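This is a predicted model, so every value here is computed, not measured. Each chain gets a letter, A, B and so on, in the order its sequence line appears, and its residues count up from 1. Reckoned from all heavy atoms, side chains included, excluding hydrogens, waters and symmetry mates.
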Amino acid sequence: MGCWLVKSEPYEYSWEQLRKDGRTYWDGVRNYQARNHLQAMKKGDAVLFYHSNEGLAVVGIARVVEEAYPDPTTDDLRWVAVGLESVETLKTPVALSDLKKDRRLQNLALIKQGRLSVMPLTKDEFEIIVAKGRENQ
DNA sequence: GCCAACGTTGGC
DNA sequence: GCCAACGTTGGC
């Protein structure tokens, strides 16, 4: 099973909104690297949801429910969207500053390549972050 | 609001 | 195909 992390500005589409909607379409990606990652997602893959700009923390876990298909927000066939469904709200948001402090997470694309909005995680990285999010405080 | 890090565009 | 100029993202 693959593990991923997606970023969203809470203004644009927040985790709370995904919780409310239950399921959403991850579209609007206009970056080749991010697009390639979207294309590689498989049904059932786990996806961490990160709030950028405001919040700066991993806030929840989602799951891929629909694999890549042409992005309905454009006629340009280069771009794709996937279907995501919310799974679990983390008890404690895991702040970017905490991720940066963890020696085991220094290879995170989130840290090394700030502008990438969809990125793969190793299973270990995924579990470390989820474990932090399930702790109290 | 600033700026670093990228990505994209377009002239040559 | 190079590279300068410009635009965008996102942390601070």
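- Taking only side-chain nitrogens and oxygens, K112(A) never comes nearer than 4.0 Å to OP1 or OP2 of dA4(B).
- With rounding to whole Å, I111(A) atom CD1 is found 14 Å from dG10(C) atom C1'.
- Set against dG7(B), dT8(B), dG11(C), the side chain of Q33(A) has dG7(B) as its closest nucleotide.
- Y50(A) has no side-chain polar atom (N or O) that falls below the 4.0 Å cut-off from OP1 or OP2 of dT9(C).
- Grouped with W4(A) in one hydrophobic cluster are V6(A), Y13(A), W15(A), L18(A), W26(A), V29(A), L38(A), M41(A), V47(A), F49(A), V59(A), V64(A), V80(A), V82(A), L84(A), V118(A), the linkage being side-chain heavy-atom contacts under 4.5 Å among Ile, Leu, Val, Met, Phe, Trp and Tyr residues.
- The side chain of Q113(A) contributes no N or O atom lying less than 4.0 Å from OP1 or OP2 of dA5(B).
- Between the side chains of R104(A) and T122(A), no donor-acceptor pair of N or O atoms lies under 3.5 Å.
- Taking atom CG on L116(A) and atom P on dT8(B), their separation rounds to 12 Å, with Å as the unit.
- One finds no side-chain N or O of K7(A) lying less than 4.0 angstrom from the OP1 or OP2 phosphate oxygen of dT9(C).
- Taking atom OH of residue Y32(A) and atom P of nucleotide dT9(C), one finds them 15 Å apart after rounding to whole Å.
- Per the geometry, CG belonging to L96(A) stands 14 Å off C1' belonging to dT9(C), to the nearest Å.
- The CG-C1' distance, from N53(A) to dG1(B), rounds to 13 Å in whole Å.
- Here the P atom of nucleotide dA5(B) and the CG atom of N31(A) are 18 Å apart, to the nearest Å.
- In this structure E88(A) satisfies the side chain to side chain donor-acceptor pair (under 3.5 Å) test together with R134(A), sequence neighbours excluded.
- Rounding to whole angstrom units, CG of residue L110(A) and P of dC12(C) are separated by 10 Å.
- Spacing between atom CG of D76(A) and atom P of dT8(B) amounts to 12 Å, rounded to whole angstrom units.
- Within a 6.0 Å radius of CG in D75(A), other residues, nucleotides and ligands contribute 12 heavy atoms or fewer.
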